[in-house]
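When reading the values below, keep in mind they use all heavy atoms of this one structure, side chains included, and skip hydrogens, waters and symmetry mates. Just so it is clear: chains get the letters A, B, ... in the order the sequence lines come, proteins before strands, and each one is counted from 1. Note that the coordinates shown come from a computational prediction; the quantities given were computed from them, not determined experimentally.
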Amino acid sequence: MLNAFEFEDNVILKFKAKTRLWQMERGFIEVEAGTLASPFRQNGLRKGYVFHGKGILILDTIVETHQGAIGKSVERDLSDLFLMIAKVESIGGSLVPAEKEDLVALGYQSEVELVTKGRNLLDRLRDGHLTGCHFHVHEPCSSLFAFANGMNRLDILVAHNGKIVYKAADTIFVLNRDNVIFRDKDEFALSTADGPTIMKGRIFT
Amino acid sequence: MRRLKQELADLKEQLAETTHEEQKRSRGIYIDIGDRVQDYVEEAMRGVAEGIHGELERSIFIGPGGVRIFRRGEQPAEDVDDIDFVKASHIMSALGQEHRLRILRELMSGGKYINELEEKLSGITASTLSSHLDILENAGLVVQEKARGRYLITIPGRTVFQMVKRTTRFATMKDDQSC
């Protein structure tokens, strides 16, 4: 599926105002005005963007248990390139064509530079974490975000119908209604709505 | 096991023979079941644990914190030398303030927004409340949901609050006994 994405030639956009790209009760992704967006298409339809500018990811990867809360609230600065594959109509109204100085302000000498970086990111996504997997964007509530994490890997956020999967270098968080899994280097918690909570090898019922 | 159950049932019967009046006459509402029975129960539990150790792949220890599963040969960590004193003093310092203890008590019943805490803790200004919450968060005793805005008590927070509660109750009992 990811092979079929093609960047739109010579189309670089920018956000004219602060915009929320994704939001759920547990978190959101927001970009500042001036953030650049390079769109890509599949079968002639715009399916996502690569972004570069200023943004933030907030995600409450916290599990509440009878013994106390486990986890933390992720607050991630999005100043590096990241991509989004999702229903794009909701943010189209916030985008306007970028000027040359907008690109220069972020260190780009031309649109091609940004598109090339975007293509590399998409290739890393295809060849790395999602090799052999299919991702369909027909449902309006499906979103996939991929962020470079500075260790030559990609961190992923997938959201669909109230469910979240977040996998980063130091954190794994999965939410499916009342069922939650959290894991980082120090803690582990698995909690269900009516079953036991397992934490670090201890079972509390 | 059957013999142990019978002996425990006999002890329960003997305890039940203590009259209600005698219980009322004891100091406060604390009922001391007696050192002899307590020692016996501990010895019996130790015997059962030793008896099944080595026959099961895992041993199960039921303690005040719940069920903890150990692998064969593993013992509960009790190394008193292995303490991060800087972290410990940080935590104790966070606990050493009445308002912060009240905040922890409120959070024991579930996550709360800052305005809910303000309502419950009259007499603390909003800025003071924020400052106390920052201290508790830095000590790892509470965590804030940045998206939803609630404050939650963490596992260490819950554990130390219960420790403070029990210690204070014990100290109060000792004070009453010495009167």
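- Both the backbone and the side chain of A:E25 come within contact range of chain B, with heavy atoms under 4.5 Å apart.
- Only the backbone of B:Q144 comes within less than 4.5 Å of a heavy atom of chain A; no side-chain atom from C-beta onward does.
- With chain A as the partner, the residue from B:V142, B:T154, B:L152 showing the most heavy-atom pairs under 4.5 Å is B:T154.
- Residue pairs meeting the salt bridge (charged side-chain N to carboxylate O under 4.0 Å, His left out) criterion with at least one partner in residues 91-106 of chain B, sequence neighbours excluded, are B:E98-B:R102.
- By the 30° and 60° cut-offs, the orientation of the rings of A:H52 relative to A:Y108 is perpendicular.
- In this structure, CD on B:E118 lies 9.5 Å from CD1 on B:I124, to the nearest 0.5 angstrom.
- The aromatic rings of A:F145 and A:F82 lie tilted to each other, with the angle between the two planes from 30° to 60°.
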